[in-house]
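Written out below as structure tokens is the structure these notes cover.
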Amino acid sequence: MAPAAAETAVSKDGLSLPLIDFSGFLHGNEKEKMEVAKAMFDAFKNAGFVYIKNYGISSETVANVFGNSANFFGRPNEEKDQLAWTTPQANRGYAAPGREKTTMVEDADKVDALIAQSPDLKETFEIGREGVAGHPNQWPDKMDEKGVDFTNTMKGFFLTCKDLYINVMRSIALGMGLDEHYFDEYSDAGDNNLRLLHYPPQHRSVFESGKNAVRTGRHTDYGSITLLFQDGKNGGLQVRSPQGTFIDAPPIPGTIVINSGDLMARWSNETIKSTEHQVVEPPHSEDVEVYPARYSIAYFCNPNFDKFIEAIPGTYVEGKSAEEGGKKYPGINSGDYLVQRLAATFKGVPRYQTTY
Ligand SMILES: O=C(O)CCC(=O)C(=O)O
Ligand SMILES: [Fe+2]
């Protein structure tokens, strides 16, 4: 019988991203569930990236979120700036173009220099869990009716994505041979981050300036996994292949992309990969002068911020060195880790603020 991951979404230079029908996990019998779970785990192990379809969120819901996102970014800058992103600890609000540069460089001063030279060509709006003392979301609900709609839509979508996150983690647990609910107690707080992204239209000369201008610089994600919704029109996302080339991972209608992040790699003692990716101008013909806008939505998932993350049982040999199959990393607190990483890529973050 054909495996659940019979379809392939992307295959080039040794990078192979399967397209998995996730309904088999959400609604299937034990055997179907296990088949999807194994395929999911294999994808995170081999590529760190996977496409899924039939993942339980309707296309109307996703379209409505994209519509609200476009509306929001269409507001005048003065309005968006009233909701400005403040600190990595809060990680909520509007980050104007030039505020963040994702990169593999971790030294904060070098990142500031990189931002000055070639900032990411994007603006984002960050939404966190509701009800966290001292860190309210920066909602535009006092501005107007559209702001109220936006707020209600995003509050709902945050929780919808949280449910999917918990199910994806269950599939990984089963696929790894753990109890299906192993990750539940690490995921139930919902210390996640819903990021709306807008890459404004750019004249081709911007990308030809020789300054490594990109929409999102090459990077790995920080947390456990990321659910990535692409707007279905304009590509540009690229994933690093084992050969070091960057391969297009285009939008495929009815699918989302999921990738595993650095904490997942640490947590699984590198059984699971955290793969580099970037966003460049969309594939285009020679005569295009202005590259169109791109919208995407990333739901960054993190283990509960109060959890200590160390190698999952079964992924290491007790008492051995890293080279001999022992633990490759010391344990770390999830919230501390995230704040450290955010502090390194956002501009204007006082360096003393790096403890959670
Ligand atoms: O816009 C995208 O498609 C990807 C963005 C991304 O990788 C990120 O924000 O971490
Ligand atoms: Fe990313």
Side-chain angles (χ1 to χ4, degrees), residues 65-88 90-105 108-128 137-140 143 146-147 150 154 193-219 221-222 226 228-231 233-238 277-282 284 288-300 341-350:
V65 174
F66 271 111
N68 272 281
S69 169
N71 257 323
F72 176 81
F73 288 118
R75 286 179 182 274
N77 289 340
E78 309 83 76
E79 286 183 17
K80 293 187 281 192
D81 288 338
Q82 285 171 30
L83 308 173
W85 189 97
T86 50
T87 64
N91 195 27
R92 285 160 171 80
Y94 172 67
R99 193 76 209 265
E100 191 198 21
K101 170 91 188 169
T102 55
T103 169
M104 299 305 288
V105 175
D109 293 327
K110 288 196 184 127
V111 174
D112 279 353
L114 271 176
I115 293 179
Q117 193 205 26
S118 58
D120 282 353
L121 303 166
K122 69 181 184 200
E123 53 181 344
T124 71
F125 188 78
E126 315 286 333
I127 298 160
N137 276 308
Q138 305 273 51
W139 297 123
M143 289 179 176
K146 278 188 173 167
F150 175 95
M154 297 307 163
N193 167 229
L194 172 59
R195 159 180 283 193
L196 311 177
L197 292 117
H198 172 221
Y199 304 94
Q202 297 290 343
H203 193 271
R204 61 185 296 166
S205 58
V206 174
F207 292 97
E208 289 160 2
S209 64
K211 288 186 182 159
N212 287 327
V214 281
R215 285 184 151 170
T216 283
R218 58 184 264 216
H219 67 283
D221 288 353
Y222 313 149
T226 304
L228 181 68
F229 301 76
Q230 309 195 64
D231 71 0
K233 290 192 275 296
N234 292 303
L237 174 67
Q238 297 186 323
H277 51 288
Q278 63 184 13
V279 180
V280 298
E281 69 275 27
H284 55 273
V288 175
E289 285 291 306
V290 176
Y291 302 127
R294 168 182 166 88
Y295 291 87
S296 60
I297 299 164
Y299 187 75
F300 297 110
R341 295 294 302 270
L342 289 170
T345 53
F346 274 86
K347 185 175 162 185
V349 174

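Note that these values count all heavy atoms, side chains included, but never hydrogens, waters or copies made by symmetry. Sequence positions, counted from 1, serve as the residue numbers for this chain.
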Side-chain heavy atoms of Gln202 within contact of Phe207, under 4.5 Å: yes
Rounded to the nearest 0.5 Å, what separation is found between the CD atom of Gln82 and the CE atom of Met143? 4.0 Å
Of the non-hydrogen atoms in Arg75 and Gly147, which two are nearest, and what is the gap between them? NH2-N, 3.3 Å
In the structure I gave you, are the side-chain heavy atoms of Trp85 and Thr124 within less than 4.5 Å of one another anywhere? no
Could you pull out the closest heavy-atom pair between Arg99 and Thr86, with the gap in Å? NH2-O, 4.0 Å
CA sep, side-chain torsions, deciding dist, call: Arg294, Gln230, side-chain hydrogen bond (donor to acceptor under 3.5 Å, both in side chains): CA-CA 8 Å; Arg294 168 182 166 88; Gln230 309 195 64; 3.0 Å; yes
Test log, rule side-chain contact (heavy atoms from CB on, under 4.5 Å), inputs His277 and Asp221: CA-CA 9 Å; His277 51 288; Asp221 288 353; 3.1 Å; yes
Got a sec, which residues hit salt bridge (Lys or Arg N to Asp or Glu O under 4.0 Å) with Glu123, two or more places apart in sequence or on another chain? Lys80
Minimal heavy-atom distance between Pro282 and Gly235, with the atoms involved, is CB-O, 3.5 Å
Residue pair Leu121 / Val206: nearest heavy atoms and the distance that separates them: CD1-CG1, 3.8 Å
So, for Asp231 and Ala293, which heavy atoms are closest and what is the spacing to 0.1 Å? OD2-O, 4.5 Å
Rounded distance (nearest 0.5 Å) linking atom CZ of Arg195 with atom OG1 of Thr226: 9.5 Å
Leu196 vs Tyr295, test: side-chain contact (heavy atoms from CB on, under 4.5 Å). Steps then yes/no. CA-CA 8 Å; Leu196 311 177; Tyr295 291 87; over 6 Å; no
Nearest 0.5 Å, what's the CG-CZ distance between Leu83 and Arg92? 14.0 Å
Going from OH on Tyr199 to CZ on Phe73, what distance comes out if it is rounded to the nearest 0.5 angstrom? 10.0 Å
Check Asn234 against Pro292 and note the closest heavy-atom contact, atom names and distance. OD1-CG, 3.3 Å
Could you check if a side-chain atom of Ile127 sits within less than 4.5 angstrom of a side-chain atom of Trp139, using non-hydrogen atoms only? yes
Would you mind reporting whether His219 and Gln278 have side-chain heavy atoms less than 4.5 Å apart? no
Quick check: do Leu197 and Arg215 have side-chain heavy atoms less than 4.5 Å from each other? no
Is the Phe125 ring parallel, tilted or perpendicular to the Phe72 ring (thresholds 30°, 60°)? tilted
If I take atom CD from residue Glu289 and atom CZ from residue Arg204, how far apart are they, to the nearest 0.5 angstrom? 6.0 Å
Spacing of OH belonging to Tyr299 relative to CG belonging to Asn193, to within rounding of 0.5 Å: 9.0 Å
